[in-house]
Amino acid sequence: MKKVLLIGTGGTIASELSGEGLIPVLTTGQLLSYVPEISSLCDVDCIQLFSVDSTNITPQHWLLLVQAIREAYDCYDGFVICHGTDTMAYTAAALSYLIQGSPKPIVLTGAQKPIVFDSTDSKTNLRDSFLCATSSLCGVMVVFNGKVIAGTRAKKTRTKSFEAFSSINYPDLAHLQDGYLIEYIRLACYEKPVFYDTLNDRVGLMKLIPGTESDLLEYHLGRSDALIIESFGVGGLPSYQDSAMQKLLRKAVDCGKTIVLTTQVENEGSNVSVYNVGFRLKSDLRLLEGFDMTTEALVAKLMWILGQTKDPGKIRKLFYTPVDNDMLVIKDC
Ligand code: ASP
């Protein structure tokens, strides 16, 4: 029988109602007792790494998860991580960069309703996750509401309904129906995974709104080694205020900072060369472009890359090297 390690981190799935809202209190052992049929699928060991609402997740928690999986890797056939849904897409992306090419499935799941509620998606998601963790799927994935989504492509797109996650700009890897796994795409894997244990969390994100002033950009640049700018549509930067933003960005890039231009539109990605407001940005300012990557994956990829190198040439090369199909449209890079 296969062996799976269940790792608890908190989230709604493990929450109970308190007088002041939901709090994650259930352990992984308690979660498992709600889905007894899992014991006929595999042998399960449980660890409780931490118990937090995923609003409180930080990059340090990602490193703890990597360490736990690395230490246990050879003893198990697959891993299931119970996680809050709010930042699960960030954690899934982070694990995709920090544990590359895993031939064993590393599954993140959670729920919109606690397992202790009468009406809950917890049990289905947990059972489906174990079906994936005992399958021949590989790499990091999110399993939620019958979908299997590549860790680099997941995004929380609904706050309340069970269909909480979507795969952005990429098809689902597989679907689960009535206890069956229907597989479409398999992520590439190596014989053994490559683990990374360093991140640089000095990565910032700035979303443009009409009228954003350059002072805000200056503030962000002052506290980040890499800054992601979510601009409008296919991408561009305002040229008002005498192009103050462009001047600030040129100075920042000259000082070795990494700037990525992406879009705040959820689907179809950026193409900054289309409009005059973006046309010269990449050639003049040496900005990187997010193309079809999710913002969650951009954040995690930059933290991973900047944890490995400060060299702008190497940063550019790693940025445009796809990991787990995080980026498909790569032009003039
Ligand atoms: N706030 C919760 C969390 O992210 C939401 C959830 O798990 O669904 O931990």
Side-chain angles (χ1 to χ4, degrees), residues 6-35 38 46-66 68-69 79-96 98 106-130 132-133 140-149 151-168 172 176 201 205 266 294-297 299-300 303:
L6 176 61
I7 304 174
T9 71
T12 294
I13 191 168
S15 289
E16 282 183 355
L17 260 181
S18 74
E20 298 186 332
L22 291 165
I23 301 181
V25 288
L26 266 58
T27 62
T28 39
Q30 288 171 307
L31 289 179
L32 212 52
S33 70
Y34 282 85
V35 197
I38 288 174
C46 298
I47 55 170
Q48 192 67 40
L49 211 49
F50 38 86
S51 273
V52 296
D53 187 298
S54 78
T55 304
N56 287 321
I57 289 279
T58 68
Q60 292 314 311
H61 291 99
W62 300 338
L63 294 177
L64 288 176
L65 275 164
V66 173
I69 293 171
F79 301 85
V80 175
I81 303 164
C82 288
H83 195 289
T85 59
D86 290 345
T87 60
M88 191 189 297
Y90 286 94
T91 299
L95 295 184
S96 304
L98 294 168
I106 300 172
V107 178
L108 286 117
T109 197
Q112 293 282 63
K113 297 284 178 218
I115 206 161
V116 295
F117 282 18
D118 288 339
S119 167
T120 178
D121 49 341
S122 301
K123 295 173 195 170
T124 306
N125 288 346
L126 206 53
R127 190 217 39 208
D128 286 352
S129 295
F130 275 88
C132 291
V140 178
M141 65 207 82
V142 169
V143 173
F144 213 96
N145 196 46
K147 289 181 189 172
V148 183
I149 300 172
T152 55
R153 293 291 188 167
K155 186 183 276 289
K156 186 168 180 180
T157 48
R158 287 192 171 76
T159 55
K160 297 176 185 168
S161 45
F162 288 172
E163 201 189 336
F165 284 87
S166 305
S167 183
I168 302 298
D172 296 339
L176 292 130
D201 61 5
L205 171 63
E266 199 166 272
T294 64
T295 296
E296 290 86 337
V299 167
M303 288 192 188

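Residue numbers count from 1 along this sequence. A quick note: this is a predicted structure, and the numbers were derived from the prediction, not measured. As the structure lists them, so they are numbered: ligands from 1, and atoms in each ligand from 1.
- The shortest distance between side-chain heavy atoms of L64 and T9 does not fall below 4.5 Å.
- Between F50 and I57, some side-chain heavy-atom pair lies under the 4.5 Å cut-off.
- Looking at N125, its side chain never comes within 3.5 Å of a backbone N or O of A111 through a donor-acceptor pair.
- T159 is linked by a side-chain contact (heavy atoms from CB on, under 4.5 Å) to nothing, counting only residues two or more places apart in sequence or in another chain.
- A search for ring pair (Phe, Tyr, Trp, His ring centres under 6.0 Å) contacts involving F165 returns F144, not counting sequence neighbours.
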Inventory of protein N or O atoms under 3.5 Å from ligand 1 N or O:
unit_1	atom_1	unit_2	atom_2	d
ligand 1	1 (N)	D53	OD1	3.0
ligand 1	1 (N)	D53	OD2	3.0
ligand 1	1 (N)	D86	OD2	2.7
ligand 1	4 (O)	S54	OG	2.5
ligand 1	4 (O)	T85	N	3.3
ligand 1	4 (O)	D86	N	3.0
ligand 1	4 (O)	D86	OD2	3.4
ligand 1	7 (O)	T12	N	2.9
ligand 1	7 (O)	T12	OG1	2.9
ligand 1	7 (O)	T85	N	2.9
ligand 1	8 (O)	T12	OG1	2.9
ligand 1	8 (O)	T85	OG1	2.4
ligand 1	8 (O)	A111	O	3.1
ligand 1	9 (O)	D53	OD1	3.2
ligand 1	9 (O)	S54	N	2.7

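- Within the structure, the side-chain hydrogen bond (donor to acceptor under 3.5 Å, both in side chains) test picks out the following pairs touching residues 46-60 (sequence neighbours left out): Q48-S51, D53-T55, S54-T87, T58-H61.
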